[in-house]
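See structure below.
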Protein chains: 2
Amino acid sequence: MRPRSSRDIRRENRFDLLRRVYSAERAVTRQWLAAETGLSPATVATLTTELLALGVLVEVGREDSGGGRPRARLAVNGDHGVLVGVDVAETYVRADLFDLALRGLDSGHREIGPEDHQPDVVARHVVDLVRGIFDRGRLTRDRLLGIGVSLPGQRHTDSGVSLFPAATGAYEDGDPEGRFRGLLADAFGSEPFLENPLKASTVAELWFGGGRAAHDLAVVTLGTGVGVGIAVDQRLYRGATDAAGEWGHTLLVPGGRTCRCGRTGCVEAYVGAPGIVATLRERDPRDPLLHADESATVDALASAAGRDDPRALAVLDEVGATLGVALANLVNVLNPDTVVLGSWVATRLGRWLLPAARDGAATHALPRNLAAVDWRLSGVEGHAVSLGVAALALEGLVAGGPSAAPRRDPVPTTAHRER
Amino acid sequence: MRPRSSRDIRRENRFDLLRRVYSAERAVTRQWLAAETGLSPATVATLTTELLALGVLVEVGREDSGGGRPRARLAVNGDHGVLVGVDVAETYVRADLFDLALRGLDSGHREIGPEDHQPDVVARHVVDLVRGIFDRGRLTRDRLLGIGVSLPGQRHTDSGVSLFPAATGAYEDGDPEGRFRGLLADAFGSEPFLENPLKASTVAELWFGGGRAAHDLAVVTLGTGVGVGIAVDQRLYRGATDAAGEWGHTLLVPGGRTCRCGRTGCVEAYVGAPGIVATLRERDPRDPLLHADESATVDALASAAGRDDPRALAVLDEVGATLGVALANLVNVLNPDTVVLGSWVATRLGRWLLPAARDGAATHALPRNLAAVDWRLSGVEGHAVSLGVAALALEGLVAGGPSAAPRRDPVPTTAHRER
DNA sequence: GGGACTTTTTCCAAGGGTCGGATTTTGACC
DNA sequence: GGTCAAAATCCGACCCTTGGAAAAAGTCCC
C-alpha cells in the first residue's frame, strides 16, 4: 500500500486535463478546462505550459472574448508522433495507426488460425503488420510514441502470465506474455502496453464514447464472446486479479444451453453471436437467414430487420429481452449511471437490441437502479479495441512509461516483510 | 468534480492510520504503522501526535526494543467518549452504545410494527432507547461523540430522501429523512450519520471483520433480505445513486419463486430466510422444523443440523448450492479477493452454508476468479449493523463532521455554471 | 496612432503535504 | 555516570495548489 503523495495529485490532474482535451469535440480554452476540471486557472496554466512544452498540446488559434485578450484554443498536437494499437483476436490480428490525437491514419489486417496462437508467431504477425503500415506511410521508427496490444484471454498483472487461449498447454510454465512483450520491445524499441479487449474497449468508451460523461460505467461487449468492462469513478476497475467483468459466463438459465466454456446457461450462450445464431436455429433450423459463419448470419439478420422482416424482428426481440434480463442483474448490483453496448454484434444489431434490452431490464431491475441508467450504443468511431489499447499506451506515456502501471505495489522479493 | 488537494492526502492518511489502529488486535507501535501504511516514520509521528492531541489515541505502555529506546504502544483512547449506533429495522429498533474504541458497552432493543414506520415515531423510539441507555450508564450528553443510524430501504444521497419502507405513500413529497435527521439532531445536539444496513455492515467487516485484509470485497448479507456490500480498494462502493448491491433482487431462476419484491426468481427468494423456509416447506410441508416465524425455523434448522439431522443437512446443502451459484455470478463479475457471509442467517447457518456455497460456486465461477477468493464468515463480534454505522459516524468525526460525506460536489444553486 | 479598457494568462508568495537525514530522547548496560 | 542503541522528533527541502497581483494581448475610442 504505497500512500499517495502530492506528485500523484499532479499526475492525476495532468491526466484528467489531457483526457478532457481528447474527449472534447473541438479545441478548448484554458478557462473551459479550469471550469471542467475544477482546478484553478493558475494550475491549468501550469499544466498546459507543461504539456505544451512536451509537445503533446498545441495552441490552435484564438477566440474572441469581447474586448479583452482573446482566449487561446488548445488542442492535441496530432503531428507530434504516432501511436499504434493492435487487436489480437482468435481469428485475426488488426493493427491501427493513430496520430497523437488518436485519429486513425491507417490500418492493417490479417487472418490467423489456431496454429498461430503462439507468442512468437503472434509477435511476428504484429511486427509484420506494423512494419507494413510504417512503410506505407514512410514513417520512421522514431515517430512512434507508444504501442498497445490487446490480447485475448485473461491476463495476470502480478505474475505477468498471459493465457494465450490455445497456448495454455504449451506454455504453462513459461512466460508467454513476457516473451511476447520482449519480442515487440526488441522490434520497436519501446515496451508495448498489453491489455485484454474487454478493458481496452472500456477505455475507448471512457475517452471517446458513451462513457465520457459517466462516473460509474458498464461497457457491455457483445461479440462472439460477451463481457462487461467496469469503470468506477471514471477509472477502469480491474478486480483483485485483473479478471473482473466476466459477465458472459454468469449463469442466466439453469440447465440451459451449453456455452463455449463448457458450462451451461451462461449469458454468452444467449446474447453472444453464437447465442443469437442458436436462437435463430431453435426457431427454425432451416431459416434462410442462417449462414455458415456467424458473422454472415448476423449480417443477414441485420438486413432482414432493416426490411422489417417479422421473423428477424422476433428473434431480435427475444435476444434483446434476454439481454435485458441479464443486464438488470448488472444494474441491480453495480448501479451504474451509464450502460454502453459495444463490439461488432452491437454495431450491427444494437439498433434493435438496445430498446428491447431496455424493456427487458425494466421487468427485473429495481426502479431506482433502472432510473439511474443512461443506455447507449457505443459512441466510438473505428475499432474500439485498437483505439482503447492505443489510449492506454498513451496513458502510460503521459504517466511516465508502462512501469507506472501496477496498481498494487510489488511483492517484495526478499523475505523482508514481517507480519 | 472537485480535484484532490494535498489536504485530502492528509485526511486519507490520517484515516488509514486510524483504521489500522482500530482493526489491529492489540496496541501498535509507530514503526508498525509506518510499515503498514507505507508512510515515512516522520509522517507517522506527525499524524500520531495530532491524534494524541485530539484525545483519540493514547500511549499505553512501551515495548522493549533490545537495548535502545523502547517503542511506545498506541491504542484508541476508549475513555475519550462514546458513540451510538442504531439499527432501525422493519420489526425492531436496536441501539448500541460503544466507547471510542468501538467496544460495546450497552444496548437497548424495542419491537416495532408497521404502524411505527413514520419518521416521527421512529425518531421517538430511537431517542427513548438512547436516553435510556445514557441514563443507565449515568452518562451526560457531552460524552457523545457521534451517532449513526441505519435505516432500511434505499437512501438517496443527493436529494436526502429516504424511503421509509411503509412511509413512501404518506411522505412522498416531504423529506422524511430530513425530518428524521432534524429530530435526532435536536435531541442529541449533533447531526446523525445515516446509512442503510447493507452498507453499514460492510463497513463493519472492513474495519473489524473478514474484510480487514481485503482490497476488493463483497459482503453478502443473509437475513430476511439479501444483498451485497461492495468495497473497492478498501472503500465502500456506492454506485451512481447509492443503490449498489441489490444483489438479492437479481434474477436467479427464471419463472421461479415469487419474491417479496413481487418479481419471480430473485436470489433472495432462495437464500434469504423466507427462501430457506420455503425450501424446507417444499420438501415436506409438515416438516416439524417449520415454525410460525422464520427466525424460530432457522434456529430449529441450525440445531437439527448440529445433531447431524440428515433432512436438515440436505436442506442446507440445497440452499448452500443455490447460494454458491448466485455467488459465482458475483465472483465472475466483480473478481473480489474476499467474500464474507454475514447477518443473522449466516451467523446461525453459515457453518453449513459456507462450504456448500463454496462448492456450488466452483461449478459456475471461472477458475481464475474463483481462485482469487478467500471465503469467510463474518468476523464481527456483536451487532454488525450498529457497529458499522457507529464506525461511519466515527469516520465523519475524524474527517470533520458529516458534511464531509458527499461524494459528488453539489450542483451550484445559482445558475452560474456555463456549459 | 496612442491611451483606456477589458479579459486572459502568468507570476508570486502563502499554505499544506511528505520525506530524508540530522538530532534529540529514552531506555539498558557496564 | 558514561556509553550505546533504537525510537521519535525536528528541520529544511521539495512538491502541489491557489488567490491575488501583475503582465499580456487584444479592442475601442478619441
Side-chain angles (χ1 to χ4, degrees), chain A residues 1-17 21 27-53 57-74 398-400 404 409 418, chain B residues 1-17 21 27-53 57-75 398-400 404 409 418-419:
Chain A
M1 290 296 295
R2 190 173 63 274
R4 315 156 70 73
S5 78
S6 54
R7 260 204 204 77
D8 294 316
I9 294 188
R10 174 63 143 247
R11 194 163 41 72
E12 280 167 26
N13 285 342
R14 181 173 44 210
F15 184 69
D16 189 33
L17 196 84
V21 179
V28 300
T29 66
R30 288 184 178 79
Q31 299 206 317
W32 181 81
L33 282 170
E36 204 71 2
T37 58
L39 294 164
S40 71
T43 305
V44 171
T46 344
L47 291 174
T48 47
T49 40
E50 200 177 306
L51 291 168
L52 286 166
L57 292 185
V58 272
E59 294 205 350
V60 290
R62 6 209 76 196
E63 186 175 77
D64 191 67
S65 69
R69 174 176 176 173
R71 288 181 278 274
R73 305 179 65 91
L74 302 167
V398 176
D409 53 357
E418 306 183 14
Chain B
M1 289 297 295
R2 190 173 62 274
R4 313 154 70 73
S5 80
S6 57
R7 259 205 205 78
D8 294 317
I9 294 189
R10 174 63 142 243
R11 194 163 40 73
E12 280 167 26
N13 285 342
R14 181 174 45 207
F15 184 68
D16 189 33
L17 196 84
V21 178
V28 300
T29 66
R30 288 183 178 78
Q31 299 207 318
W32 181 81
L33 282 170
E36 203 71 3
T37 57
L39 295 165
S40 72
T43 304
V44 171
T46 341
L47 291 174
T48 48
T49 42
E50 199 177 307
L51 291 167
L52 286 166
L57 293 186
V58 273
E59 294 205 349
V60 289
R62 8 207 74 196
E63 186 174 78
D64 192 67
S65 68
R69 173 175 178 172
R71 288 182 277 275
R73 303 179 66 90
L74 302 167
V398 175
D409 54 358
E418 305 185 16
R419 273 217 57 157

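So that the names make sense, note that chain A is the first sequence line, chain B the second, and so on, each numbered from 1. Just the heavy atoms: all of them, side chains too, but no hydrogens, waters or symmetry mates, feed the values below.
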| remark: Separation between CG (B:L17) and CG (B:L51), nearest 0.5 Å, reads 6.5 Å

| said: Let's see if you can work this out: which of D:dC16, D:dA24, D:dT18 has an atom nearest to the side-chain heavy atoms of A:R69? | reply: D:dA24

| message | Can you tell me which nucleotide in C:dT7, D:dC16, C:dC19 comes closest to the side chain of B:A42? | response | C:dC19

| Residue met sooner reading DNA chain C from 5', once A:R71 and A:S5 are mapped to nucleotides | A:R71

| task | Measure from CZ on A:R62 to C1' on D:dA24 and round the result to the nearest Å. | result | 10 Å

| said: Whether B:N13 contacts C:dG17 is assessed here as follows: a side-chain N or O lying under 4.0 Å from the phosphate OP1 or OP2. Is that the case? | reply: no

| task | Please tell me which of the listed nucleotides, C:dT8, D:dC16, D:dT9, lies nearest to the side chain of B:R30? | result | D:dT9

| request: Output yes when at least one side-chain N/O atom of A:S40 is less than 4.0 Å from OP1 or OP2 of D:dT17, else no. | output: no

| remark: The answer to which of A:T29 and A:G68 contacts DNA chain C further toward the 5' end, by nearest nucleotide, is A:G68

| field | Side chain to side chain, B:V28 and B:R73, heavy atoms closer than 4.5 Å | value | no

| request: Name the closest nucleotide to the B:Q31 side chain, picking from C:dC19, C:dG16, D:dA7. | output: D:dA7

| request: Mind calculating the distance between CG (B:L74) and C1' (D:dA7) to the nearest angstrom? | output: 12 Å

| remark: Between CG of A:D8 and P of D:dC16 the distance, given in whole Å, is 10 Å

| Selection from C:dT10, D:dA6, C:dG17 that lies nearest to any side-chain heavy atom of B:S6 | C:dG17

| query | Just how far, in rounded Å, is P of D:dT9 from CD of B:E50? | reply | 13 Å

| Can you check the B:R10 CZ to C:dG17 P distance for me, whole Å? | 5 Å

| request: Can you figure out which of C:dG17, D:dA6, D:dT18 approaches the side chain of B:S65 most closely? | output: D:dA6

| said: Nearest 0.5 Å, please: how far is CZ in B:R10 from OG in B:S5? | reply: 11.5 Å

| Taking CD from A:E12 and C1' from D:dC15, how many angstroms apart are they, rounded to a whole number? | 15 Å

| task | Using atom CG of B:L52 as one end and atom P of D:dT9 as the other, report the distance to the nearest whole Å. | result | 8 Å

| note | Result for side chain to side chain contact (heavy atoms under 4.5 Å, CB included) between B:V44 and one of B:N13, B:L33, B:T29 points to B:L33

| note | From the list A:E63, A:R30, A:R62, side chain to side chain contact (heavy atoms under 4.5 Å, CB included) partner of A:R71 resolves to A:E63

| note | Taking for A:D64 and for B:A45 the nucleotide of DNA chain D with the nearest heavy atom, the one nearer the 5' end belongs to B:A45

| B:R73 has an atom CZ; how far is it from atom P of C:dG27, in whole Å? | 16 Å

